[in-house]
Each structure stands twice: as structure tokens, then as C-alpha cells.
**Q** 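Following this message is one structure expressed as C-alpha cells.
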Amino acid sequence: MKNLFDLTGKRALITGGVHGLGMAMAKALGHAGAELIVNNYSPDMLDVAKKEYEREGLKVHTYVFDVTNDKEVEKYIDIIENEVGPIDILINNAGIIKRVPMEDMETEDYRAVLDVNLTGPFIVSKYVGRKMIARRAGKIININSMMSELGRNTVSAYAASKGGLKMLTKNMATEWAKYNIQTNGIGPGYFATSQTAPIRVDGHPFNEFIISRTPAGRWGDPEDLAGTAVFLASKASDFVNGQIIYVDGGILATIGKPSNED
């Protein structure tokens, strides 16, 4: 059974894996035996992240490139495969959000969110996928969101991008499953990260909202994603394709409970 989840000898590319949930998933793959390749647009952020990975004894390579730049991605996927080796696992994690009411959002900002969150995974998967097709093997994990299924005030661009990514995931599975490539997604719920720290305090309305609406009664811990990430990257998921696994404490399974209900 342990062999099903063993990633020893595998190489995993994680886009945007410099902090938060991306780093948590990358660490999980590293501790399962994978050699890590981490991308970001910022050399400084990559340097800090590299030291964090190495502190945990993980083997990591870092590359600076823009996931929305077609030619740049093509170039660096070739460089990575020549310098490190074949990419066995791809996690399309890089993403941005702009919280603006739809009627006030600039079209260029809307397009920027879709470019990173939806076009980026298409571009990176295209070039990695070509090599996986030639090898007849690969694992691709797209990082979706609860916003792949529902909307929320001020996140029209983000929800549109993550809804599109859900369907791109399913279509990638439809086209590439015959090449022994498994393409699936992870949809995180609300997690305790540095970005959410300011609102995760007693008395904050959003903190109370999340705790009251989540059946598990808490925010997710980044390590809660570890098992799902390793499962989708490993032999254990060899017949799982086109699925989005929501790691959300049950929030999508319920309409929530009234404040006066036990």
C-alpha cells in the first residue's frame, strides 16, 4: 500500500509554489519523495522559498518565468527537462485575485485575472503535456476553488477563471487520458494562511461567517491539502481522471446553519 503513494524518483513542477497553499502542497510531494521544481515570477520570493524547502531537507530547483507568456513557458519547460529531468507531475497553482465589485472592475483587471488563473494553466499544461504524451505518463493537478462552483461578492473575475479551470480540467482529462495522463483538480475551501490572518480573529464578521458556515467548524490548515495532493500525484489515482476534489471542511455540501441552531 505504501508504494501506491511513494513519489521517489518523480519530479514535480509547482507553479507559484513560494508560499501558502502552493508551498504546503509542494512540501507534501517532497516529503513523499518527489524532487521539486518551483516556479514564480519573482526571484526574491523564489530565493526565500528555496531556503524554506531546503530547511526541511527537500531537494528543490527554482525557475523564474511568467506562466502567461507562451514563448517563455515553452523555453523554460525545455530547460527544466534538460537540466533536471522529465516532469512527471505538474501542479498549476499560480493564481491571483482582485476583489472589486463587478460594476467597478476595469476590463483590463478582469482579463489579467483570467490570464493568470485560466490561460496560464492552459499554456503550462500544453507544453508539459506534449512531453507527457510522448512518454505516455503524467499527473496534472489544477488548483481550482470553491468559486469553481459558486459566486461571491467582488470576485467575478476570480469565479469566472476558476469555473473555466474546472471545465478545462475535465477537457484535459477527456483528451489526454488515453495517453495515461491523469488530470484532476483540487478545490480548497477557506484556509488559515498569512493572507487570511487579519480576518481570522475572534469577533471579525468574516471569521464568524466561515466558522458558522463550515460543518467542520474551523478554517482549513494548509497541511489538510497534503493527502489530496499526494493522492492525485501518485499511482493511487491512476484511474481517477477529470475530477475536482473539494477540500473545504464540508462547506459546499451545505447551505449553512442559522445562527441560533446548535
Side-chain angles (χ1 to χ4, degrees), residues 1-38 49 52-53 55-60 87-95 121 125 137-149 162 165-166 169-170 172-173 177 180-196 200 210-211 214-254:
M1 181 60 69
K2 289 181 181 179
N3 290 338
L4 283 177
F5 299 92
D6 185 9
L7 300 180
T8 301
K10 301 294 185 181
R11 284 160 294 274
L13 168 60
I14 303 93
T15 66
V18 294
H19 57 70
L21 303 187
M23 177 174 276
M25 290 183 284
K27 285 182 177 180
L29 269 56
H31 287 300
E35 185 174 354
L36 304 178
I37 306 153
V38 177
E52 172 67 17
Y53 286 115
R55 270 195 293 270
E56 296 199 14
L58 301 175
K59 187 172 184 180
V60 61
I87 298 168
D88 303 292
I89 303 156
L90 167 63
I91 299 185
N92 283 308
N93 168 74
S125 297
K139 301 279 186 176
I140 300 176
I141 304 168
N142 292 326
I143 304 307
N144 290 257
S145 166
M146 292 196 310
M147 301 301 130
S148 298
E149 299 292 342
K162 293 301 184 177
L165 186 58
K166 176 182 75 170
T169 302
K170 291 178 178 294
M172 288 165 66
N180 190 32
I181 298 170
Q182 291 81 52
T183 306
N184 294 287
I186 297 175
Y190 289 97
F191 275 75
T193 64
S194 58
Q195 292 97 322
T196 60
R200 284 185 291 105
I210 294 305
I211 292 174
T214 304
R218 66 176 178 86
W219 291 74
D221 186 291
E223 292 185 359
D224 289 328
L225 290 173
T228 306
V230 172
F231 166 66
L232 291 179
S234 70
K235 284 183 61 63
S237 61
D238 277 357
F239 202 56
V240 180
N241 232 323
Q243 303 302 308
I244 313 299
I245 300 177
Y246 292 98
V247 185
D248 65 355
I251 195 169
L252 281 177
T254 178

**Q** Return the CG to NZ distance between Leu29 and Lys10, rounded to the nearest 0.5 Å.
**A** 11.5 Å
**Q** Quick one: pull up CG in Asp238 and CG in Leu4 and give me the separation to the nearest 0.5 Å.
**A**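 Nearest 0.5 Å value for the CG-CG distance: 8.5 Å.
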**Q** Evaluate the side-chain proximity of Ile143 to Leu21: yes if any heavy-atom separation is below 4.5 Å, no if none is.
**A**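 A side-chain contact under 4.5 Å is absent here.
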**Q** Could you walk me through whether Leu7 and Ser234 pass side-chain contact (heavy atoms from CB on, under 4.5 Å), step by step?
**A** CA-CA 6 Å; Leu7 300 180; Ser234 70; 3.8 Å; yes
**Q** Please examine the side chains of Ile14 and Met25, heavy atoms only from C-beta on, and report whether any two atoms are closer than 4.5 Å.
**A**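 No - every pair of side-chain heavy atoms lies 4.5 Å or more apart.
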**Q** Which pair of non-hydrogen atoms, one from Ala32 and one from Asp6, has the smallest distance, and what is that distance?
**A**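 Reported closest heavy-atom pair: O-OD1, 3.3 Å.
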**Q** Kindly write out the residues that satisfy ring-ring contact (aromatic ring centres under 6.0 Å, His included) with Tyr53, not counting sequence neighbours, or none if the list is empty.
**A** none
**Q** Strictly by side-chain hydrogen bond (donor to acceptor under 3.5 Å, both in side chains), give each pair with a member in residues 180-191 just once, sequence neighbours left out.
**A**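 The answer is Lys139-Gln182, Asn180-Gln182.
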**Q** Where do Pro215 and Thr254 come nearest, in terms of heavy atoms and distance?
**A** CG-CG2, 3.6 Å
**Q** How many angstroms lie between CE in Met23 and CG in Leu36, if you round to the nearest 0.5 Å?
**A** 10.0 Å
**Q** Can you list everything that forms a side chain to side chain donor-acceptor pair (under 3.5 Å) with Thr228? Sequence neighbours excluded, please.
**A** none
**Q** Would you confirm whether Thr15, through its side chain, and Ala94, through its main-chain N or O, come within 3.5 Å as a donor-acceptor pair?
**A**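 Such a contact is found between Thr15 side chain and Ala94 backbone.
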**Q** Could you pull out all residues at least two apart from Asp88 that satisfy salt bridge (Lys or Arg N to Asp or Glu O under 4.0 Å)?
**A** Arg11
**Q** Can you check whether Phe231's main-chain N or O pairs, donor with acceptor, with Ser237's side chain at less than 3.5 Å?
**A** yes
**Q** Nearest 0.5 angstrom please: Asn144 CG to Leu165 CG, how far?
**A** 4.5 Å
**Q** Rounded to the nearest 0.5 Å, what separation is found between the OG1 atom of Thr214 and the CD1 atom of Ile251?
**A** 3.5 Å
**Q** Who pairs with Leu252 by side-chain contact (heavy atoms from CB on, under 4.5 Å), at least two apart in sequence or on another chain?
**A** Met146, Glu149, Leu150, Tyr246, Asp248
**Q** Quick one: closest heavy-atom pair of Ile211 and Gly217, and the distance?
**A** CG2-O, 3.5 Å
**Q** Could you report the tightest heavy-atom contact between Pro121 and Asn142, atom names first, then the distance?
**A** CB-OD1, 4.3 Å
**Q** Quick one: closest heavy-atom pair of Ala173 and Asn241, and the distance?
**A** CB-OD1, 3.2 Å
**Q** If you round to the nearest 0.5 Å, how far is CD1 of Ile37 from CD1 of Ile91?
**A** 11.5 Å
**Q** Would you list the pairs meeting side-chain hydrogen bond (donor to acceptor under 3.5 Å, both in side chains) in which at least one residue belongs to residues 24-37, sequence neighbours left out?
**A**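 Output for this query lists Lys27-Glu52, Lys27-Glu56, His31-Glu56, Glu35-His61.
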**Q** Contact between Ser148 and Ile244 at the side-chain level, heavy atoms closer than 4.5 Å - yes or no?
**A** no
**Q** Specify the closest pair of heavy atoms between Phe191 and Thr196, including all atoms of both residues, with the distance to one decimal.
**A**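 The pair with the smallest heavy-atom distance is O-OG1, 2.9 Å.
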